[in-house]
> 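Structure incoming, see below.
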Amino acid sequence: MKAAVSILLFILGRNLTVAIPFAPKSHVLYVIRGGSDSGQEDKADISSSTIETSVVENPVPIQASVESPVQQTNEVSMAEAPTVPKVKKAMNPKLANAIERTGPALVMLGAISLLLKFTGEKGLMYGLIPLMQLGMYYESTGIVEAYNKMSNMKMEVKLEKWWWFATVFASTTLRSLGGIGKLSGSVMDLVCFGMVAASLVMAVVGMASNQAAGPEKFRKYLGEIAAFHFALIFLVGQSSFWIKTIQSFGMEWVLFPALLVVVNDTMAYVFGVLMGKHKLLPRLSPKKTVEGFVGAGISTCAIAVPLLKLFVKHFAEGGKALSVVGEGSGGLVKHALVIGLYTSLISPFGGFLASAVKRAHGAKDFGTLIPGHGGVVDRFDCQVVTAPFVFLYLKMCLGSLSPVLEEVVEVIEAVAV
């Protein structure tokens, strides 16, 4: 028996530590130390082994269990294991964002379709476009005011801000719509110039009459004026070309590029989600990728030609410029590809610029009018960049529909017959 104990102690080592559990914060540690390892195991005696006891203050022993340590451990673990609630798997953020954007987009497209069906070109020129210009100016100036903490602007400053809008609106949109009442074009031009002169006087007098004015105040005021006027030129000025395009070439040449921009934006998102690895402009728009930009460009150009042919069929009767290009004309492919390339390569930079403005002023979106999309500027920042190009390109290629051009159209129709 003594030899067996000695062999067991030799196998386990010189020190065999056995921990006997006690109540929390107190325990007794028994250390059983074996005899010498000098090779005289047969002379070792359990009675010669020393038992050292280290007692923590105020030990409170608990009743020893006859169960094995492994069984005790399992029971404690099962008793103390917290109940983990079943967590519902979260939806992919990109998929959730796509779903959130789809519904409002369909509603917006449906509303525009109904407007066009019942009001036609006049609904666009006299209704939707002026309202969009008003909304874009309100949103773009709003984030500048919020960043500069201008919520408590004086009434004269607010009047000055909206006087600038009225001036640019009269000089562009209202001028294109035929002016005010029976005023001739030359008189309307003089009225608009007078509004510009009044804006200049108001700005200078406003700075000079401020009692607390100084270099710092002047810099802040001039910076705000520059931001407001940039919004007027970039948003209101460019979008007024939609009216010119409708009047000269027909509503179809506004809808066709607009749909190409929508296709480009959608495919950029799809290719970015599926293949995007390289950031395009990370400092301005971190979510835009090179793969999304290239994939969207290819997709837009691929769909441009069949989409324009679809417009030709739909607007065959009563169309203006589409009657000139004709479905069988090689010019149709050329026009479709040129506009497709522009909406793929240049128009997205309107969105990049809008992202830079938002980042500079600490804003996520320009507004909250369209759930999942933001404001009017967020949805039409690329569209306004396309508007002047389409008008100028068609004017260069087709010219305005003068009486001479009408005769050319009649000749083409006669030959086709």
Side-chain angles (χ1 to χ4, degrees), residues 101 104-113 115-116 121 123-125 127-140 168-169 172-173 176 230-269 285 288 293 296-297 299-301 303-304 307-308 311 335-336 338-358 365-367 369-370 372-394:
R101 292 164 60 95
L106 294 176
V107 172
M108 183 170 57
L109 289 175
I112 294 176
S113 299
L115 177 68
L116 296 178
E121 295 181 351
L124 277 180
M125 293 190 297
L128 185 59
I129 293 175
L131 286 176
M132 287 173 53
Q133 292 174 334
L134 179 66
M136 289 189 293
Y137 182 69
Y138 174 80
E139 290 177 351
S140 57
V168 175
F169 182 81
T172 56
T173 302
S176 299
F230 179 77
L232 288 170
I233 296 172
F234 186 80
L235 299 174
V236 180
Q238 291 195 113
S239 60
S240 64
F241 279 91
W242 281 326
I243 298 175
K244 290 180 174 293
T245 302
I246 293 173
Q247 291 173 335
S248 300
F249 307 107
M251 180 175 61
E252 52 270 31
W253 286 107
V254 173
L255 300 180
F256 169 65
L259 287 178
L260 288 183
V261 172
V262 172
V263 170
N264 185 266
D265 183 62
T266 303
M267 297 310 296
Y269 179 81
S285 188
K288 305 295 183 181
F293 184 81
S299 302
T300 304
C301 292
I303 202 173
L307 184 62
L308 184 56
F311 270 82
H335 299 326
V338 169
I339 297 177
L341 285 172
Y342 185 89
T343 55
S344 300
L345 301 178
I346 307 300
S347 297
F349 282 84
F352 300 151
L353 179 60
S355 298
V357 173
K358 290 185 289 187
D365 294 313
F366 281 92
L369 180 64
I370 310 172
H373 295 264
V376 183
V377 179
D378 296 290
R379 197 75 313 243
F380 292 94
D381 46 11
C382 300
Q383 300 281 4
V384 296
V385 179
T386 312
F389 169 77
V390 173
F391 172 77
L392 296 174
Y393 171 75
L394 293 177

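Here, residue 1 is the first one in the sequence, and each next residue gets the next number. Any value given below was found using the heavy atoms of this structure, including those in side chains, with hydrogens, waters and symmetry copies removed.
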> Provide the closest heavy-atom pair for Val384 versus Gln238 in the form atom of the first, atom of the second, distance.
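The pair with the smallest heavy-atom distance is O-CB, 3.4 Å.
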> Report yes if the side chains of Leu353 and Phe234 come closer than 4.5 Å at any heavy-atom pair, otherwise no.
yes
> I need the Met136 CE to Leu232 CG distance, nearest 0.5 Å.
10.5 Å
> Assess whether side chain to side chain contact (heavy atoms under 4.5 Å, CB included) is satisfied between Leu235 and Met132, documenting all intermediate values.
CA-CA 9 Å; Leu235 299 174; Met132 287 173 53; over 6 Å; no
> To the nearest 0.5 Å, how far apart are CG in Leu259 and OG1 in Thr343?
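Here the rounded value is 11.0 Å.
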> Return yes if some donor-acceptor pair links the side-chain N/O of Glu139 with the main-chain N/O of Gly367 below 3.5 Å, else return no.
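Side chain of Glu139 to backbone of Gly367, a donor-acceptor pair under 3.5 Å: no, none is there.
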> Supply the atom-to-atom distance Asp378 CG to Lys358 NZ, rounded to the nearest 0.5 angstrom.
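Nearest 0.5 Å value for the CG-NZ distance: 4.0 Å.
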> How close do Thr386 and Pro257 get, heavy atom to heavy atom, and via which atoms?
CG2-CB, 3.9 Å
> Please give me the minimum heavy-atom distance between Gly351 and Cys382, naming the atom from each residue.
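It is N-SG, 3.6 Å.
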> Give the ring-plane orientation class for Phe391 versus Phe241, where under 30° counts as parallel, over 60° as perpendicular and anything between as tilted.
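Geometry flag for Phe241 against Phe391: tilted rings.
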> Testing the basics here: between Ile129 and Ser239, what is the closest heavy-atom pair and its distance to 0.1 Å?
CG2-O, 4.2 Å
> Should Tyr342 and Val390 be marked as a side chain to side chain contact (heavy atoms under 4.5 Å, CB included) after you check the CA-CA gap, both sets of side-chain angles, and the distance that decides it?
CA-CA 9 Å; Tyr342 185 89; Val390 173; over 6 Å; no
> Do Asp265 and Arg379 have side chains that get closer than 4.5 Å, going by heavy atoms?
yes
> How long is the straight-line distance from CZ of Phe349 back to CG of Asp381, given to the nearest 0.5 Å?
13.0 Å
> Quick one: CZ on Phe311 to CD on Glu252, what's the gap to the nearest 0.5 Å?
8.5 Å
> Between Met125 and Pro130, which heavy-atom pair has the shortest distance, and what is it?
O-CD, 3.2 Å
> Atom CG of Leu260 and atom CD1 of Ile339: how far apart are they, to the nearest 0.5 Å?
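If we round to the nearest 0.5 Å, Leu260:CG and Ile339:CD1 are 7.5 Å apart.
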> For Tyr393, I'd like to know if atom OH has over 12 heavy atoms of other residues, nucleotides or ligands within 6.0 Å.
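Yes, the 6.0 Å shell around OH holds more than 12 heavy atoms from other groups.
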> Of all the heavy-atom pairs spanning Gly350 and Val385, show the shortest one and how long it is.
CA-CG2, 3.7 Å
> Side chains of Gln133 and Thr173 only: does a donor on one sit below 3.5 Å from an acceptor on the other?
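Indeed, the side chains of Gln133 and Thr173 share at least one donor-acceptor pair under 3.5 Å.
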> Taking the side chain as every heavy atom from C-beta outward, state whether Leu116 and Leu124 have any pair of such atoms under 4.5 Å apart.
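Result yes, sub-4.5 Å side-chain heavy-atom pair found.
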> Side chain of Ser140, backbone of Tyr137: donor and acceptor closer than 3.5 Å?
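Yes, because the side chain of Ser140 sits within donor-acceptor range (under 3.5 Å) of the backbone of Tyr137.
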> Check the orientation of Trp253 and Phe256. Use parallel for under 30°, tilted for 30 to 60°, and perpendicular for over 60°.
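The rings of Trp253 and Phe256 stand perpendicular, inter-plane angle above 60°.
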